[in-house]
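What follows is a short report on a single structure.
Lettering follows sequence order; numbering is per chain, from 1.
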2 protein chains.
Amino acid sequence: MSTYHHGDLRAALLQAAGEILEKEGVAALSLREAARRAGVSHSAPYRHFLDRDSLLAALAVEGFSLLQDAITKRPEGDRGVAYVEFALIHPQRFRLMFGGQLRLGDYPELHAAGEGNYRNLQKAFESLGSDAPLAAAAAWSLVHGLANLILDGHFAQAQRDSGGAAAFARLVLGSVRVARAQRSA
Amino acid sequence: MSTYHHGDLRAALLQAAGEILEKEGVAALSLREAARRAGVSHSAPYRHFLDRDSLLAALAVEGFSLLQDAITKRPEGDRGVAYVEFALIHPQRFRLMFGGQLRLGDYPELHAAGEGNYRNLQKAFESLGSDAPLAAAAAWSLVHGLANLILDGHFAQAQRDSGGAAAFARLVLGSVRVARAQRSA
DNA sequence: ACCTGAACACCGTTCAAGT
DNA sequence: ACCTGAACACCGTTCAAGT
């Protein structure tokens with residue numbers, strides 16, 4: 001139990017930061033607090049991250065990987081709800097990934113993670129009727145907007161009427177699928 | 001040009017804060033900077049706002065009013081793109097309104113503004129084929145997600161191919177409208 | 001009633017210095 | 001190579017005091 005971090009301080013900081021993020025939100029996530037939890041001085045993190053935003057970017061990259069797993073392990077018909085459920089389970093992480101605090105272009109790894117995510121979603125939503133890239137963009141937009149508006153609380157009443165956020169999401173996405181089925185019938 | 005703010009300090013602070021928000025983003029928007037621009041001491045704002053988040057909430061309320069105007073002054077068929085265009089013109093304001101930093105329930109005026117906005121959008125998107133509240137929720141989700149993903153830069157390449165963000169939005173929303181038209185035909 | 005100024009407890013970031 | 005501690009320039013927020 002030496003207080004020495006032989007090269008794993010970066011990982012320790014990421015884990016501490018991840019816990020702060022998920023439990024208390026980005027606002028409460030300071031480099032100094034992460035350092036404190038990792039048992040290290042407040043300036044030590046600068047050996048491993050350029051600045052606070054770089055730490056946040058690393059957490060967002062993790063998030064894209066988590067999202068990808070959550071989506072692809074589901075059968076095709078459930079992937080729309082899976083996207084929304086990911087946002088409901090990891091609201092703070094989801095907001096960090098898509099909240100605009102981090103510009104993709106500023107962080108090469110984040111940029112790559114974002115593009116990988118897009119490619120993955122295009123495949124995942126193929127069954128949603130994507131005869132064209134535009135349809136994939138529309139499908140992503142639909143689930144993404146739904147997730148965000150639910151997190152914001154804009155559908156609070158409708159959610160109660162539907163028996164929960166996930167159930168409401170299923171209804172909304174189901175209504176679109178029905179419309180599409182009617183069209184192709 | 002007396003330095004005395006006869007009751008309009010609240011308005012002066014809101015205006016200064018609005019400028020900081022739109023030009024430099026939420027992160028740069030401190031109470032102290034707003035006070036500085038209003039020519040007042042750093043503790044004066046506390047006479048008019050409970051805390052920093054209350055100032056942000058007031059700016060978000062303004063935003064919902066701006067959004068409502070931007071939408072309703074357009075013909076029905078353009079309201080989807082109008083929503084996206086609002087986000088493109090006021091990205092920082094839009095993120096403040098929907099970025100989850102402010103919980104609707106914590107600010108009665110913000111809560112009311114959010115509900116008013118929902119009602120307004122339900123009317124605005126009626127022509128989009130809303131046979132049910134679910135369809136209105138889906139329409140809002142679609143334009144909202146599209147706006148957010150464009151702001152995040154996730155569609156950067158597709159936008160370039162389409163000749164700009166607004167043009168891309170038109171294409172995506174148009175593709176959905178086509179699908180709907182085919183169904184009812 | 002409204003504003004000021006000092007004060008406190010936090011930050012992010014830098015940098016010389018230690019091992 | 002990696003970490004510490006002092007230092008600096010910011011914050012949000014509170015509170016006694018001024019007008």
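Heavy-atom distances to DNA chain D give each of A/His48 and A/Arg32 a nearest nucleotide, and the one nearer the 5′ end belongs to A/His48. Residue A/Ala28 is the one, among A/Ser43 and A/Ala28, whose nearest nucleotide of DNA chain C lies closer to the 5' end (criterion: closest heavy atom).
Counting any heavy atom pair closer than 4.0 Å across all strands shown, B/Ser30 reaches sugar-phosphate atoms only and no base atom.
Out of D/dT13, C/dC15, D/dC3, the shortest distance to the side chain of B/Asp51 is found at D/dT13. Taking the side chain of B/Leu31 as heavy atoms from C-beta on, and the options D/dG5, D/dT13, C/dT13, the nearest nucleotide is D/dT13. Nearest nucleotide to the side chain of B/His42, out of C/dA6, D/dC2, C/dG12: C/dA6.
Phosphate proximity of C/dG12 to A/Arg52: present, with a side-chain N or O under 4.0 Å from OP1 or OP2. OP1 or OP2 of C/dC11 has at least one side-chain nitrogen or oxygen of A/Arg36 nearer than 4.0 Å.
Residues B/Gln122 and B/Trp140 fail the side-chain proximity criterion, which asks for heavy atoms closer than 4.5 Å.
Using a cut-off of 4.0 Å between Lys/Arg side-chain N and Asp/Glu carboxylate O, B/Lys123 and B/Glu76 are scored as not salt-bridged. Salt bridge annotation for A/Glu24-A/Arg37: present, with a cationic side-chain nitrogen under 4.0 angstrom from a carboxylate oxygen.
No close placement of the B/Phe64 and B/Phe94 rings is indicated, their centers lying 6.0 Å or farther apart. The aromatic ring centres of B/Tyr107 and B/His111 sit 6.0 Å or more apart.
Stem analysis of DNA chain C (at least three stacked-register Watson-Crick or G-U pairs, each with both distances under 3.5 Å) gives C:4-8 with D:12-16, C:12-16 with D:4-8.
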